[in-house]
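Okay, so here's the structure we're looking at.
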Amino acid sequence: MKLKYYTLVFLLFFSVFAIAQTPKEDVLFTVADEPVYVSEFLRVYNKNLNLVQDESQKDVDEYLKLFTNYKLKLKEAKAQGLHEKSTYKRELETYKKQLAKNYMTDAKVSDALVEEAYNHISHSVKANHILVRVAEDASPEDTLVAYNKIEKLRKRTLEEGFEVVRKEVHNGKTLFGEELGWFSGFKMVYKFEKVAFNTPVGEISHPFRTRFGYHIVNVLDKREARGERTVKHIMIITKKGDTLSDAESRIRDIYKKIEQGEAFEALAKEFSDDKNSAPRGGLLKAFSSGQLSVPEFEEATFALQNEGDISEPIKTNFGWHIIKLVNTKPIGTFEETKPELEQKVKRDTRSKLIEEALITKLKEKYGISNERPDLSYFISILNEDFFKRTWKLPEDFNKDQELLKIRTKTLTNADFGDFLVSQQKRIRGKQSFEKIVNNAYDSFLSSNLKQYQEENLENENEDYAHILGEYRDGLLLFDLMENTIWQAAKTDSIEVQDFYEKHKADYFWPERVDAEVASSASKKVIKKVIKLLNENMAAEDIKKLVNTNGEVNVIFTKDTMDINHQALPKNFILQKGVSKVYKHNNGFIVANVGKVLPKQQKPYDEVKGLVMSDYQTEKENLWLEELRAKYKVVINNDALKRVKAEIK
């Protein structure tokens with residue numbers, strides 16, 4: 001959680017937001033005479049304005065305190081030489097490569113693919129296909145045989161009917177005729193998906209190739225995607241000591257109360273074992289088809305048609321549920337789904353199209369010709385050893401000759417020769433030496449163009465430079481806090497225990513009761529329950545008397561409860577015996593309190609984690625005072641006034 005906190009609040013500092021009116025030379029404060037500029041503070045403040053939870057942090061003075069603390073810690077991290085650690089450098093380099101991928105792309109092609117992906121996830125296609133298997137690296141002869149076969153099959157489907165041919169030719173080895181059912185974007189390989197979506201309903205596509213071989217697709221139907229649902233639910237889990245039938249019996253009792261007209265939300269608040277949603281009447285976050293890992297829950301949800309519809313009890317791996325449909329929503333807007341789609345496109349085979357566009361763009365940017373240089377020398381030195389993966393560069397290899405120049409970076413024959421050697425393991429089957437060398441050069445050029453861009457990206461892209469700087473500082477802060485505060489608290493158990501002893505009053509159980517709570521929508525029923533409880537009748541026997549004719553008139557909840565327990569009203573009086581009738585959640589309750597547990601000190605072992613967190617906070621505050629004494633902070637009050645005026 002500590003790393004997450006710093007990542008969200010302090011590490012998301014640098015962004016493309018700019019305050020044009022403020023000169024960069026305007027110093028807001030200094031830390032040990034090192035300047036921190038107004039422009040940086042404003043950029044940080046504006047970016048983080050909507051991220052902070054504490055309203056006080058939106059106050060400029062309060063935020064300035066956080067920012068100076070951040071700069072003090074960075075100063076100390078560098079003073080300790082944490083930026084020179086090999087582990088720090090390795091992690092930074094790894095992140096740098098990951099981050100660079102987001103900036104090394106062709107925006108136009110990427111945007112077009114994202115828009116197309118949105119169209120595909122907004123719809124579903126029902127289709128069948130026929131596939132003639134052929135390997136990706138098959139010889140031209142084998143490839144032609146496969147193509148001719150799929151062409152003949154397509155002609156047959158047009159004459160005899162697709163389904164007739166599909167069922168007849170399928171052998172599960174070289175020929176596949178399969179029913180695919182419904183699918184939407186990202187469910188098939190991209191080439192297949194694109195053809196399926198572009199083929200009209202009722203028609204058969206022309207042959208096309210994927211990595212599996214040659215296909216033809218028969219599109220049977222198309223529809224809009226099912227969209228998003230918001231539901232409420234009541235969940236009953238099988239608790240320790242219960243049998244499966246106990247949970248089912250309880251959920252069916254609750255369902256009976258719903259059928260009797262009791263409010264779903266009130267029952268969820270009182271009885272649902274999902275403690276996150278129960279206080280909200282069982283309300284869950286909206287979800288779309290395929291998003292949940294519980295197919296039974298999803299299917300039951302999408303089977304509900306009208307707002308307010310309620311399912312019968314269903315069973316999942318989590319327990320028993322009753323579901324109420326709150327509202328339906330179609331697929332999110334393009335802007336809402338765009339960030340997720342961008343990531344999916346980058347991971348999908350669509351990325352190859354983006355890669356090709358990027359290389360074309362970099363060639364233009366760095367002035368690289370589309371014509372390959374003379375590669376005949378490399379073709380001449382290849383031999384059959386290449387296919388055995390034992391080929392080496394000849395002893396008299398002309399290694400120093402310049403082959404290619406990307407602005408200030410010169411690549412020689414030696415660079416390409418080493419690359420060519422590495423390609424032996426990638427070659428499958430026999431190919432001409434000319435094809436091998438040409439393909440290797442294309443890969444070599446692409447790799448070096450991207451490498452050159454990555455090496456210079458911090459100078460070419462301001463946004464990238466800011467985010468990289470953010471992460472660079474964030475790693476330092478994490479190492480510093482780990483060594484100075486967090487790890488110390490974990491290892492110094494005596495000090496943590498001493499802290500607990502000094503602050504015992506902060507760690508206690510509130511007053512609680514061991515109770516059985518009877519709940520009913522009917523005050524008359526609850527009064528009857530009170531009478532039976534006063535006669536010392538057991539809850540199970542009371543249920544048999546009260547829940548008659550197939551109706552569930554009362555439900556009991558047994559637990560150790562404080563005043564915030566979901567079964568108790570806020571004004572409940574914690575005292576032993578049978579309580580009075582209380583109105584609660586659109587119904588009525590009575591509690592049979594067996595024991596009142598007084599306010600009680602929590603033992604150290606039960607609150608060790610919380611104590612450690614509090615101890616770390618105190619230790620950090622004391623340490624920051626030491627840093628302020630070590631590194632003098634001087635605020636430029638005139639600049640601060642201008643900052644406040646500009647923000648206002």
Side-chain angles (χ1 to χ4, degrees), residues 90 93-98 100-101 104-105 132-147 173-174 189-191 209-214 346-360 362-363 368 370-406 409-455:
R90 280 198 303 271
E93 190 61 28
T94 299
Y95 177 78
K96 186 177 179 180
K97 289 184 177 297
Q98 291 174 343
K101 291 177 182 178
M104 296 171 63
T105 185
V132 176
R133 288 296 298 268
V134 62
E136 280 189 280
D137 58 354
S139 67
E141 294 78 15
D142 289 342
T143 300
L144 182 59
V145 169
Y147 178 78
K173 296 177 181 179
T174 58
V189 294
Y190 174 60
K191 285 184 178 179
R209 190 173 185 179
T210 71
R211 65 174 183 264
F212 303 106
Y214 281 104
K346 288 175 184 177
R347 296 192 297 267
D348 193 57
T349 51
R350 293 165 169 84
S351 60
K352 291 182 179 179
L353 300 176
I354 301 174
E355 171 87 355
E356 292 169 3
L358 172 64
I359 298 306
T360 300
L362 292 179
K363 283 181 180 179
I368 305 299
N370 286 321
E371 296 294 325
R372 299 187 187 96
D374 183 5
L375 301 173
S376 57
Y377 173 65
F378 293 95
I379 297 171
S380 70
I381 61 176
L382 286 186
N383 56 48
E384 291 296 316
D385 290 342
F386 197 89
F387 303 113
K388 301 174 185 176
R389 301 180 182 179
T390 58
W391 179 77
K392 297 179 181 179
L393 293 169
E395 291 184 6
D396 61 348
F397 178 62
N398 183 10
K399 64 179 182 179
D400 296 324
Q401 183 175 330
E402 180 181 315
L403 178 70
L404 172 68
K405 193 164 187 177
I406 305 174
K409 183 177 183 177
T410 299
L411 297 165
T412 65
N413 279 2
D415 296 313
F416 181 54
D418 291 339
F419 185 84
L420 196 55
V421 170
S422 72
Q423 296 303 292
Q424 294 178 88
K425 58 187 177 184
R426 297 176 179 271
I427 297 298
R428 295 181 182 178
K430 286 253 182 167
Q431 299 178 21
S432 70
F433 293 148
E434 181 180 5
K435 182 178 180 181
I436 290 170
V437 171
N438 286 340
N439 288 343
Y441 176 79
D442 292 341
S443 297
F444 174 76
L445 175 59
S446 297
S447 175
N448 279 280
L449 282 170
K450 290 189 293 183
Q451 183 180 340
Y452 185 83
Q453 185 193 27
E454 184 179 332
E455 290 168 352

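Residue numbers run from 1 in the order of the sequence given.
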Review point. Which heavy-atom pair separates Asn398 from Gln401 by the least distance, and what is that distance?
Key: ND2-OE1, 2.9 Å
Review point. Is a salt bridge present between Lys450 and Glu355, judged by a nitrogen-to-oxygen distance below 4.0 Å?
Key: yes
Exercise for review: Working to the nearest 0.5 Å, report the span between CH2 of Trp391 and CG of Asn383.
Suggested key: 8.0 Å
Practice item. Determine the minimum heavy-atom distance between Asp396 and Tyr377, stating which atoms define it. Key: O-OH, 4.2 Å
Practice item. Could you grab the distance from atom NZ of Lys346 to atom CD1 of Ile354, nearest 0.5 Å is fine? Key: 8.0 Å
Exercise for review: Check the surroundings of atom CD in Glu402: do more than 12 heavy atoms from other residues, nucleotides or ligands lie under 6.0 Å from it?
Suggested key: yes
Point to revise | Nearest non-hydrogen partners of Gly213 and Val134, listed with the distance | key: CA-CG1, 3.5 Å
Exercise for review: Evaluate side-chain contact (heavy atoms from CB on, under 4.5 Å) for Ile368 paired with Leu362, printing each intermediate quantity in order.
Suggested key: CA-CA 8 Å; Ile368 305 299; Leu362 292 179; over 6 Å; no
Study note, to complete from the structure: d(Lys405 NZ, Thr412 OG1) to nearest 0.5 Å is 13.0 Å
Check your understanding: Are the charged groups of Arg372 and Asp442 less than 4.0 angstrom apart, N to O?
Key -> yes
Practice item. Could you give me the CA-CA distance, side-chain angles and deciding distance for Asp418 and Leu393, then say whether side-chain contact (heavy atoms from CB on, under 4.5 Å) is met? Key: CA-CA 8 Å; Asp418 291 339; Leu393 293 169; 3.8 Å; yes
Exercise for review: Looking only at non-hydrogen atoms, find the nearest pair between Tyr452 and Ile406 and report the distance.
Suggested key: CE1-O, 3.6 Å
Check your understanding: Can you check whether Phe444's main-chain N or O pairs, donor with acceptor, with Asn448's side chain at less than 3.5 Å?
Key -> yes
Practice item. Compare every heavy atom of Glu454 with every heavy atom of Met104, then report the nearest pair and how far apart it is. Key: SD-CB, 3.9 Å
Check your understanding: Testing Ile436, Asn438, Leu403 for side-chain contact (heavy atoms from CB on, under 4.5 Å) with Phe378, which one passes?
Key -> Leu403
Review point. Got a second to check how far Arg90's CZ is from Thr94's OG1, nearest 0.5 Å?
Key: 8.5 Å
Review point. Are any non-hydrogen side-chain atoms of Arg211 and Lys191 less than 4.5 angstrom apart?
Key: no
**Study point:** Note, Thr143 side chain near Arg209 side chain (heavy atom, < 4.5 Å)
**Key:** yes
Point to revise | Close side-chain approach of Leu411 and Leu445, heavy atoms under 4.5 Å | key: no
Revision key, fill the gap. Rounding to 0.5 Å, atoms NZ (Lys435) and CD1 (Ile427) come to a distance of 9.0 Å
Review point. Is there a side-chain contact between Asn413 and Asp400, using heavy atoms and a 4.5 Å cut-off?
Key: no
Exercise for review: Measure the CG-CG distance between Leu353 and Leu358 for me, rounded to the nearest 0.5 Å.
Suggested key: 12.5 Å
Check your understanding: Would you say Gln424's side chain and Thr390's backbone share a donor-acceptor pair under 3.5 angstrom?
Key -> yes
Check your understanding: Would you call Tyr441 and Leu420 a side-chain contact if the rule is heavy atoms closer than 4.5 Å?
Key -> no
Check your understanding: When the ring planes of Phe433 and Phe387 are compared, do they come out parallel, tilted or perpendicular, using 30° and 60° as the limits?
Key -> parallel
**Study point:** Taking every non-hydrogen atom, the tightest pair across Val189 and Phe212
**Key:** CG1-CE1, 3.9 Å
Check your understanding: Parallel, tilted or perpendicular: which describes the rings of Phe419 and Phe416, with under 30° parallel and over 60° perpendicular?
Key -> parallel
Review point. With a 4.5 Å heavy-atom cut-off, do Asp415 and Lys399 have their side chains touching?
Key: no
